[in-house]
Amino acid sequence: MNFFEHQDRAHQNTRRLGWLYLLSLVCIVCAIHLALWLIYRLILKVNISLLSPGMLLSVAVPTLLVIVSGTLFKLIRLRRGGAAVAEELGGRLVEPEQATVLEKQLLNIVAEMAIASGIPAPQVFVLDRETSINAFAAGNSSQKAAIGVTRGCLETLNRDELQGVIGHEFSHILNGDMRLNMKLIGLLHGILLIYILGRFVLRYSPDISFNSSNSDKDSDSGSNFFATVAFGIALMAVGGLGYFFGRILQSAVSRQREFLADASAVQFTRNPDGLASALQKIESHANHAEISAPQAAAMSHLFFGESNTSWLS
């Protein structure tokens with residue numbers, strides 16, 4: 001299989017996973033609808049059809065509004081250039097006039113990959129405090145992109161290996177992976193908002209009235225209270241499970257984009273041995289690809305190598 005076939009397969013797998021995300025939204029709406037119907041039938045003793053269009057609409061619209069608003073809120077907060085992300089991780093902008101021999105080699109490789117990929121050369125940052133072998137690309141567009149490498153990456157890799165790593169990062173910029181990752185983060189935040197809403201309902205259940213237009217005005221207040229508590233628990237369960245499976249899908253999408261980036265790096269450099277050798281050096285390095293910066297955990301999906309070595313990663 002050549003690198004073009006690898007790229008096509010990665011694109012196809014990413015599209016399939018995107019459809020799974022849409023399916024997850026449908027499942028969330030259906031799960032909340034089912035939970036609400038069970039509450040009406042078993043606790044409030046209201047005879048209502050499971051397929052009632054009015055009830056389905058009253059569940060679907062607020063649920064999707066919560067997810068969409070949560071997603072947009074997160075995306076607005078993530079609207080910053082790659083340079084800001086690099087600086088948060090402790091990166092230092094490499095100025096050509098003040099660059100060392102190794103940094104000049106890095107700038108030359110970035111310029112070569114910019115020509116090979118056909119996109120503008122991004123700003124280049126070095127993470128001076130990081131001795132591991134790692135790199136990342138960040139930004140919302142190719143015009144606002146930045147590439148960062150660790151000090152260990154500069155000092156440990158030879159030119160061919162460094163070229164393979166930089167080619168890998170250029171693929172993330174060229175294929176819009178940074179925008180994709182931010183969209184996925186935003187969508188996960190929207191799903192998480194369902195869980196947060198359920199926790200809010202559960203916490204303030206004594207003060208929330210759970211009424212139905214079909215229920216008797218003099219219905220028992222105890223039933224109302226238990227119905228509200230049950231609804232809060234249902235929202236927490238659906239939101240929590242949705243977020244959990246959303247993270248699994250996010251990881252699967254990220255893995256496919258890594259495959260795509262590897263294949264594109266071979267296309268740009270025409271040298272698969274450089275990238276393979278860089279991965280071998282990461283495996284044998286004392287610190288592997290670990291990043292010590294506090295913000296690294298939240299940005300782990302940006303890195304070339306596994307930046308977080310905890311079991312949870």
- Query: Is there a side-chain contact (heavy atoms from CB on, under 4.5 Å) between T269 and L275 once you walk through the steps?
  - Reply: CA-CA 9 Å; T269 64; L275 183 63; over 6 Å; no
- Query: In the hydrophobic cluster built from side-chain contacts under 4.5 Å, what are the other members alongside I115?
  - Reply: none
- Task: List for me each residue that meets side chain to side chain donor-acceptor pair (under 3.5 Å) alongside Q123, sequence neighbours excluded, and say none if there are none.
- Result: none
- Sorted by chain and residue number, the side chain to side chain contact (heavy atoms under 4.5 Å, CB included) partners of V124 (sequence neighbours excluded) come out as V94, L106, L107, V110
- Query: What side chain to side chain donor-acceptor pair (under 3.5 Å) pairs are there with at least one residue in residues 89-100, not counting sequence neighbours?
  - Reply: R92-E103, R92-D128
- Message: Can you confirm whether more than 12 heavy atoms, excluding those of R41, are under 6.0 Å from its CZ atom?
- Response: yes
- Item | Set of side chain to side chain contact (heavy atoms under 4.5 Å, CB included) partners for A114, sequence neighbours left out | A121, F170
- Output every pair passing ring pair (Phe, Tyr, Trp, His ring centres under 6.0 Å) with a member in residues 107-156, not counting sequence neighbours, ordered by first then second residue. F136-F303
- Query: Taking the side chain from S277 and the backbone from D273, do they hold a donor-acceptor pair closer than 3.5 Å?
  - Reply: no
- Are I119 and V149 co-members of a hydrophobic cluster defined by side-chain heavy atoms under 4.5 Å apart? yes
- Query: Who are the side chain to side chain contact (heavy atoms under 4.5 Å, CB included) partners of L192, not counting sequence neighbours?
  - Reply: Y195, I196, Y243
- Message: Main chain of I291, side chain of S132: is a donor-acceptor contact present, judged purely on distance under 3.5 Å?
- Response: no
- Note on the structure: Closest heavy-atom pair, L127 versus G91, reported as atoms and distance to 0.1 Å, is CD1-CA, 4.0 Å
- Do you know which two heavy atoms are closest between A31 and V238, and how far apart they sit? CB-CG2, 3.8 Å
- Report yes if the side chains of W37 and L34 come closer than 4.5 Å at any heavy-atom pair, otherwise no. yes
- Task: For K281 and T156, indicate whether the former's side chain and the latter's backbone hold a donor-acceptor pair under 3.5 Å.
- Result: yes
- Derivation and outcome, side-chain contact (heavy atoms from CB on, under 4.5 Å), residues L193 and I67: CA-CA 7 Å; L193 219 58; I67 294 176; over 6 Å; no
- Message: I'd like to know if the side chain of S284 and the backbone of Q280 have a donor-acceptor N/O pair within less than 3.5 Å.
- Response: yes
- Task: Without swapping roles, check the side chain of N134 against the backbone of A289 for a donor-acceptor pair under 3.5 Å.
- Result: yes
- With a 4.5 Å limit on heavy-atom distance, are the side chains of M55 and Y40 in contact? yes
- Message: Donor-acceptor check, side chain of H189 to backbone of L72, threshold 3.5 angstrom: yes or no?
- Response: no
- Item | Remaining members of hydrophobic cluster (4.5 Å side-chain criterion), L51 | none
- Excluding V61, membership of its hydrophobic cluster (Ile, Leu, Val, Met, Phe, Trp, Tyr; side-chain heavy atoms within less than 4.5 Å) reads L57, L65
- Item | Pairs satisfying salt bridge (Lys or Arg N to Asp or Glu O under 4.0 Å), at least one member in residues 49-58, at least two apart | none
- Message: Is there a path of hydrophobic side-chain contacts, each under 4.5 Å between heavy atoms of I/L/V/M/F/W/Y residues, joining L102 to V126?
- Response: no
- Can any side-chain N or O of E130 pair as donor or acceptor with the backbone N or O of A293 at less than 3.5 Å? yes
- Message: Show every ring pair (Phe, Tyr, Trp, His ring centres under 6.0 Å) that has at least one partner inside residues 137-164, sequence neighbours left out.
- Response: none
- In terms of hydrophobic clustering (I, L, V, M, F, W, Y; side-chain heavy atoms under 4.5 Å; direct or indirect links), are L89 and L93 co-clustered? no
- Query: Can you list the residues that meet the side chain to side chain contact (heavy atoms under 4.5 Å, CB included) rule with A278, with sequence neighbours excluded?
  - Reply: L157, E161, V165
